[in-house]
Amino acid sequence: LGTITWIENRPFLAFGHPFLNRGVVEYGAGGAYIHDVINSNIMSFKLGTALPVRARVTRDRGAGVAGELGTIPQTVKVSTRVLDKETGREGEYSFQAIRDEPLLPGLALAGVLSFIDRTLDRIGPGTATIRFKVTGENLPAIERENIYYGEDIAVAAISEIGRFLQLLTDNEFLQVKIDEIAVGIEITAERLRARLTRLDLPKKEFYPGEELTVTGVILPFRGEEVD
């Protein structure tokens with residue numbers, strides 16, 4: 001939350017200090033309802049609720065931020081479907097994130113993580129099947145599916161999404177223009193994990209390119225060993 005300093009027709013200046021001090025930017029801006037001002041000898045601040053985006057911030061400099069009223073920034077649609085197989089509870093959510101390369105991966109992960117926590121209404125272990133699809137202006141549709149186990153399953157489930165988005169936004173060959181990120185997650189409280197306890201090789205030495213058969217023993221969580 002900040003304060004508008006100057007408006008002339010559509011251009012505006014605000015804050016009187018930087019936001020992230022990143023120069024040329026593409027942020028959204030809108031009004032806010034201020035519930036109260038919290039006084040402090042160290043740093044007073046406003047307590048408010050953001051209203052819909054009605055403007056675009058184009059500059060983020062040391063002296064403040066500048067932008068234009070009546071236009072909105074380019075955004076990426078992030079949609080998420082979460083199913084808790086333990087309770088049968090299902091939720092579908094979506095939001096718009098700014099198409100900003102350094103910020104997009106974190107914003108997308110924060111939103112998806114919030115949706116998972118809201119649906120599960122718990123923090124703890126489990127197993128997740130996750131599917132996600134990323135599309136863009138100059139990007140063929142890319143789909144991934146994987147299974148994850150973790151002691152905090154909400155965090156474990158989204159780890160691959162974050163790494164994948166980071167690869168796209170840091171692409172050294174092309175500026176990837178992502179339009180939409182669609183995520184589907186099914187979570188069970190079962191701990192579907194196992195530990196490899198033994199690995200047997202048919203011999204000690206092998207030739208380059210030689211084919212071989214490896215056998216092993218796995219120990220499922222709270223289960224019996226399986227050859």
Taking all heavy atoms of [X] and all of [Y], pick out the closest pair and write down the distance.
X      : Y      : result
Leu196 : Val217 : CD1-O, 3.4 Å
Gly28  : Ile98  : N-CG2, 4.1 Å
Asp121 : Arg89  : CB-NH1, 4.2 Å
Gly62  : Asn21  : N-OD1, 3.2 Å
Leu69  : Asn9   : CD1-O, 3.9 Å
Ile153 : Gly126 : CD1-O, 3.2 Å

Of all residues at least two apart in sequence or in a different chain, which pass the side chain to side chain contact (heavy atoms under 4.5 Å, CB included) check with Val57? Phe12, Val25, Tyr27, Ala29, Val65
Using a 4.5 Å side-chain heavy-atom cut-off and chaining through intermediate ILVMFWY residues, the residues clustered with Leu51 come out as none
In Å and rounded to the nearest 0.5 Å, what is the CG to OG1 distance from Leu1 to Thr3? 9.0 Å
Between atom CZ of Arg99 and atom CD of Glu101, what is the distance when rounded to the nearest 0.5 Å? 10.0 Å
Determine whether [X] and [Y] fall in the same hydrophobic cluster, where Ile, Leu, Val, Met, Phe, Trp and Tyr are linked whenever their side-chain heavy atoms lie under 4.5 Å apart.
X      : Y      : answer
Ile185 : Leu107 : no
Leu174 : Ile178 : no
Val53  : Phe95  : no
Leu103 : Leu168 : no
Leu192 : Ile130 : no

Can you list everything that forms a salt bridge (Lys or Arg N to Asp or Glu O under 4.0 Å) with Arg191? Sequence neighbours excluded, please. none
Can you tell whether the side chains of Asp84 and Arg122 come within less than 4.0 Å, N to carboxylate O? no
Indicate yes or no: does Arg81 engage Glu92 in a salt bridge with an N to O separation below 4.0 Å. no
Start with the C-alpha distance between Asp100 and Glu26, add both sets of side-chain angles, then the distance that settles side chain to side chain contact (heavy atoms under 4.5 Å, CB included), and finish with yes or no. CA-CA 7 Å; Asp100 182 281; Glu26 184 86 359; 5.7 Å; no
Does the side chain of Tyr149 pick up a donor-acceptor pair with the side chain of Glu151 at under 3.5 Å? yes
Please examine the side chains of [Y] and [X], heavy atoms only from C-beta on, and report whether any two atoms are closer than 4.5 Å.
X      : Y      : result
Arg118 : Val82  : no
Asp227 : Thr215 : no
Arg61  : Val24  : yes
Glu180 : Lys133 : no

Tell me if the [atom1] atom of [X] is crowded by more than 12 foreign heavy atoms within 6.0 Å.
X      : atom1 : answer
Glu190 : CD    : no
Leu201 : CG    : yes
Ile72  : CD1   : no
Phe164 : CZ    : yes

Go through Glu137 and Asp179 one step at a time and tell me if the side chain to side chain contact (heavy atoms under 4.5 Å, CB included) criterion holds. CA-CA 7 Å; Glu137 286 182 20; Asp179 286 331; 3.6 Å; yes
